[in-house]
Amino acid sequence: MLTSLYVRHFAVVEAAEVAFGPGLTVVSGETGAGKSLLVDALMLLAGARADSGMVRAGSDRAELAAEFDLIGLPAARNWLQREELDEDGGCQLRRVIRAEGSSRAWINGRPANARQLGELAALLVEIHGQHEHQALLSRPHQLALLDAYAGHDELLAQVRDSAAQWRELGARMRKLSGGDDRGQRIELLRHEIGELEKWALPPAELAELEADHRRLANAGRLAEGSAGVVELLDGDSEFALRRALGRAHAELGKLAALDDRLNPLLELLDNAGIQLGESADGLARYAQDVDLDPQRFTEVDNHLARLHELSRRHRLPVAELHDRLAALQAELAELEGAGDALERLAEQRRRLQDDYVGAAARLSAARAAAGDRLGDEVSTLMAELGMAGGLLRVELEPSAGSEPDPQGEERCELLVSANPGQPPRPLRKVASGGELARISLAIEVATLGKDTIGSMIFDEVDSGIGGAVAEVVGQKLRALGVQRQVLCVTHLPQVAAQGHAHLRVSKSSDGDATRTQIERLDAAGRRDELARMLGGVEITRETRAHAKQMLERAQTV
């Protein structure tokens with residue numbers, strides 16, 4: 001539900017903030033005062049195209065903001081969560097239009113684009129009277145509305161589930177069969193598996209192979225280097241570590257004979273001598289045993305080269321080739337044994353097709369019956385709304401696809417004729433804004449409470465009508481307002497009297513600038529405004545009395 005609307009430097013409005021409540025809120029004002037500015041602001045917040053002419057003269061930018069209560073609007077909450085724009089269960093739309101023509105938008109304080117504004121606004125508010133923003137003009141919405149009116153959710157769920165399962169089985173069958181090149185795929189898999197079985201290694205064996213390669217590639221350096229270290233440790237040079245350690249041990253032994261406290265250090269030198277000797281012996285043996293095997297190196301080098309070639313071909317690291325082998329083996333086994341599995345899946349798919357056909361046929365019959373009822377009910381309401389002889393017909397036509405469709409086997413088109421003798425035409429092609437608004441009103445009343453839009457805006461709904469018809473329009477809007485929030489811009493007192501709340505738009509000028517004000521009327525203000533709408537410039541005692549009667553009569557309906 002729309003809870004507040006704020007506009008600043010927008011058209012002729014300097015600044016205004018309006019709070020909204022539940023029920024029917026009517027907006028009135030003199031011709032040219034800017035009654036439709038609230039609707040225009042909401043359309044811009046719903047993603048309509050903006051231009052610099054919407055910025056108040058002398059200002060650098062216009063600012064618009066609307067806040068919504070999302071209680072009872074799960075689709076809007078889910079959309080916000082999906083887009084990661086949710087904020088404490090509330091919703092604020094904001095848009096800034098600059099004088100040079102650019103604009104920016106935000107949802108819950110985060111930047112948003114026109115697509116996001118439009119998608120979210122379609123779940124929050126429905127604007128009647130402007131072709132660009134009427135969900136009723138959308139054929140998918142018309143079908144959804146018919147299904148909601150009929151109340152056959154279970155049938156629709158059966159059709160959707162059957163179609164979804166049928167498509168899922170088809171995807172599994174295509175994957176299992178390998179498509180049209182199944183034989184080629186099997187041959188390719190066998191070839192790739194053969195290569196990987198020959199060359200790919202588990203992680204431990206791969207690590208050992210890479211270690212062998214490093215050792216064999218550096219065998220000469222390892223032999224020469226280890227022999228050099230042996231010479232440093234225990235060579236013939238007087239600077240060899242073992243000789244230097246021997247001299248140090250002898251000198252320390254002499255000193256330890258003079259002071260027993262040096263004996264532990266002497267023992268450390270003894271141990272160092274033992275470890276140095278073992279190191280030298282071990283390195284000498286290593287230098288003699290280093291594998292200088294060119295043939296083995298060639299084999300290892302070739303194995304690694306093949307692994308890197310397979311890595312490039314499969315676009316995987318060398319370490320993952322062994323896992324790739326297991327995956328290809330599983331795919332080959334599945335394809336080679338696909339015959340029986342494909343037969344089982346084909347049989348399941350045939351049963352699902354039969355289930356779908358049966359459920360879709362029942363859904364089609366239910367839609368046809370509901371369409372007749374909806375057409376009769378809306379046609380009756382159209383007559384009450386001043387379109388005597390007008391009618392609405394729900395046309396169901398087969399969908400073009402040959403495969404099971406989650407939406408069923410038909411598409412919906414609402415056809416209307418606003419005047420006797422005129423052939424019904426698609427609702428989206430109705431030219432008159434006033435007629436379209438009243439037809440939309442009739443459909444909304446007939447399907448009361450069936451859709452999930454929280455707020456409805458009616459503009460030009462009373463165009464071209466008056467008298468008793470206008471009063472009926474007001475009563476229907478008031479009845480609609482009992483179920484959901486309704487905002488109606490009107491110039492007729494018969495409609496304005498039916499509002500649960502009343503806003504007046506007025507215009508003033510100080511010679512330099514023109515300003516528009518929006519105010520909420522109390523009981524006395526409502527009476528005077530209705531009297532103005534009834535009597536024009538001069539308000540008499542009689543018009544005030546008539547206005548009071550209209551308001552009292554509206555309260556009893």
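The chain is numbered in sequence order, starting from 1.
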Item to check | side-chain contact (heavy atoms from CB on, under 4.5 Å) evaluation trace for Leu521 with Glu519 | outcome: CA-CA 6 Å; Leu521 299 178; Glu519 60 179 319; 4.2 Å; yes
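- Within the 4.5 Å cutoff, the side chain of Arg104 has no heavy atoms near those of the Arg94 side chain.
- Of the possible polar contacts, none joining the Arg349 side chain to the Arg167 backbone as a donor-acceptor pair under 3.5 Å is found.
- Looking only at side-chain heavy atoms (C-beta outward), Leu503 and Val26 stay at 4.5 Å or farther from each other.
- Note that the OG atom of Ser162 and the CG atom of Asp354 stand 10.5 Å from one another [nearest 0.5 Å].
- The closest donor-acceptor contact from the side chain of Thr3 to the backbone of Asp69 lies at 3.5 Å or more, if one exists at all.
- Rounding to the nearest 0.5 Å places CE of Met173 at 10.0 Å from CD of Glu343.
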Checklist entry - Yes or no on side-chain contact (heavy atoms from CB on, under 4.5 Å) for Asp51 and Ile97, after CA distance, side-chain angles and deciding distance? => result CA-CA 7 Å; Asp51 62 65; Ile97 304 165; over 6 Å; no
Item to check | Worked check of salt bridge (Lys or Arg N to Asp or Glu O under 4.0 Å) between Lys507 and Glu30 | outcome: CA-CA 8 Å; Lys507 183 169 62 174; Glu30 295 180 358; over 6 Å; no
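- Between Leu24 and Gly474, the shortest heavy-atom contact is CD2-O, 4.4 Å.
- In the displayed structure, Arg544 atom CZ is contacted under 6.0 Å by more than 12 heavy atoms of other residues, nucleotides or ligands.
- For the 3.5 Å distance criterion, the side chains of Gln116 and Glu83 qualify, holding a donor opposite an acceptor.
- Salt bridge status for Arg411 with Asp405: present, with a side-chain N to carboxylate O gap under 4.0 Å.
- Under 4.0 Å is where a charged nitrogen must lie from a carboxylate oxygen, and between Arg527 and Glu552 no such pair does.
- Side-chain contact check for Ser508 and Gln517: at least one donor-acceptor pair (N or O, by modelled atom type) lies under 3.5 Å.
- The CG atom of Leu38 sits 9.0 Å away from atom CD1 of Ile457, with the distance rounded to the nearest 0.5 Å.
- In this structure, the side chain of Thr490 engages the main chain of Leu492 through a donor-acceptor pair within 3.5 Å.
- A salt bridge does not link Glu14 with Arg8: none of the charged nitrogens is closer than 4.0 Å to a carboxylate oxygen.
- Remark: side-chain polar atoms of Arg95 are paired, donor with acceptor, to backbone N or O of Leu44 under 3.5 angstrom.
- In this structure, the separation between CD on Gln92 and CH2 on Trp106 is 10.5 Å, given to the nearest 0.5 Å.
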Next on the checklist: What verdict does the side-chain contact (heavy atoms from CB on, under 4.5 Å) test give for Gln494 and Val473, after you've listed the backbone C-alpha separation in whole Å, the side-chain angles of each residue and the deciding distance to 0.1 Å?
Outcome noted: CA-CA 8 Å; Gln494 295 91 335; Val473 169; over 6 Å; no
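- No side-chain heavy atom of Arg56 sits under 4.5 Å from any side-chain heavy atom of Phe10.
- For the residue pair Glu529 and Ser28, a side-chain donor N or O sits within less than 3.5 Å of a side-chain acceptor on the partner.
- A donor-acceptor pair under 3.5 Å is formed between the side chain of Thr540 and the backbone N or O of Thr543.
- Within 6.0 Å of atom CZ in Arg82, more than 12 heavy atoms from other residues, nucleotides or ligands are found, so the atom counts as buried in its surroundings.
- The existence of a salt bridge linking Glu410 and Arg367 is confirmed by a sub-4.0 Å separation between a basic side-chain nitrogen and an acidic carboxylate oxygen.
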Checklist entry - Should Leu37 and Val12 be marked as a side-chain contact (heavy atoms from CB on, under 4.5 Å) after you check the CA-CA gap, both sets of side-chain angles, and the distance that decides it? => result CA-CA 9 Å; Leu37 285 176; Val12 292; 3.9 Å; yes
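- The shortest side-chain heavy-atom distance between Leu117 and Leu45 does not fall under the 4.5 Å cut-off.
- Side-chain atoms of Ser379 come within 3.5 Å of backbone N or O of Gly375 as a donor-acceptor pair.
- Under the 3.5 Å distance criterion, the side-chain polar atoms of Arg504 are left unmatched by any main-chain donor or acceptor of Gly29.
- Side-chain contact between Leu124 and Cys91 is present, with heavy atoms from C-beta onward closer than 4.5 Å.
- In this structure, the side chain of Arg425 does not engage the main chain of Ser417 through any donor-acceptor pair within 3.5 Å.
- Atom CD of Gln353 is surrounded by more than 12 heavy atoms from other residues, nucleotides or ligands within 6.0 Å.
- The side-chain heavy atoms of Arg553 and Leu551, taken from C-beta on, include no pair separated by under 4.5 Å.
- Ion pair Arg351/Glu347 flagged as a salt bridge, since at least one NZ, NE, NH1 or NH2 atom sits closer than 4.0 Å to an Asp/Glu carboxylate oxygen.
- Scanning all heavy atoms of the two residues, the minimum distance from Tyr149 to Ala370 falls at CE2-O, 3.5 Å.
- In this structure, Ser52 and Ala99 approach most closely via the heavy-atom pair CB-O, 2.8 Å.
- At least one donor-acceptor pair under 3.5 Å links the side chain of Gln485 to the backbone N or O of Gly21.
- Leu391 is listed as a side-chain neighbour of Pro424, based on a closest heavy-atom distance under 4.5 Å.
- With values rounded to the nearest 0.5 angstrom, Leu363 atom CG is found 12.0 Å from Glu154 atom CD.
- Ion pairing between a basic and an acidic side chain is recognised when a charged N comes within 4.0 Å of a carboxylate O; Glu377 and Arg373 show no such pairing.
- Classification of Arg110 and Glu87 as a salt-bridged pair holds, one side-chain N sitting under 4.0 Å from a carboxylate O.
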Checklist entry - What's the verdict on salt bridge (Lys or Arg N to Asp or Glu O under 4.0 Å) for Arg172 and Glu168, showing C-alpha distance, side-chain angles and the deciding distance? => result CA-CA 6 Å; Arg172 288 173 57 188; Glu168 181 184 352; 5.0 Å; no
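- Other residues, nucleotides and ligands place no more than 12 heavy atoms under 6.0 Å from the CD1 atom of Ile71.
- The main-chain N or O of Met456 is never found under 3.5 Å from a side-chain atom of Glu126 such that the two would form a donor-acceptor pair.
- At least one side-chain heavy atom of Phe458 sits under 4.5 Å from a side-chain heavy atom of Val486.
- Interatomic distance, OG1 of Thr25 versus CZ of Phe20, reported as 6.5 Å (0.5 Å rounding).
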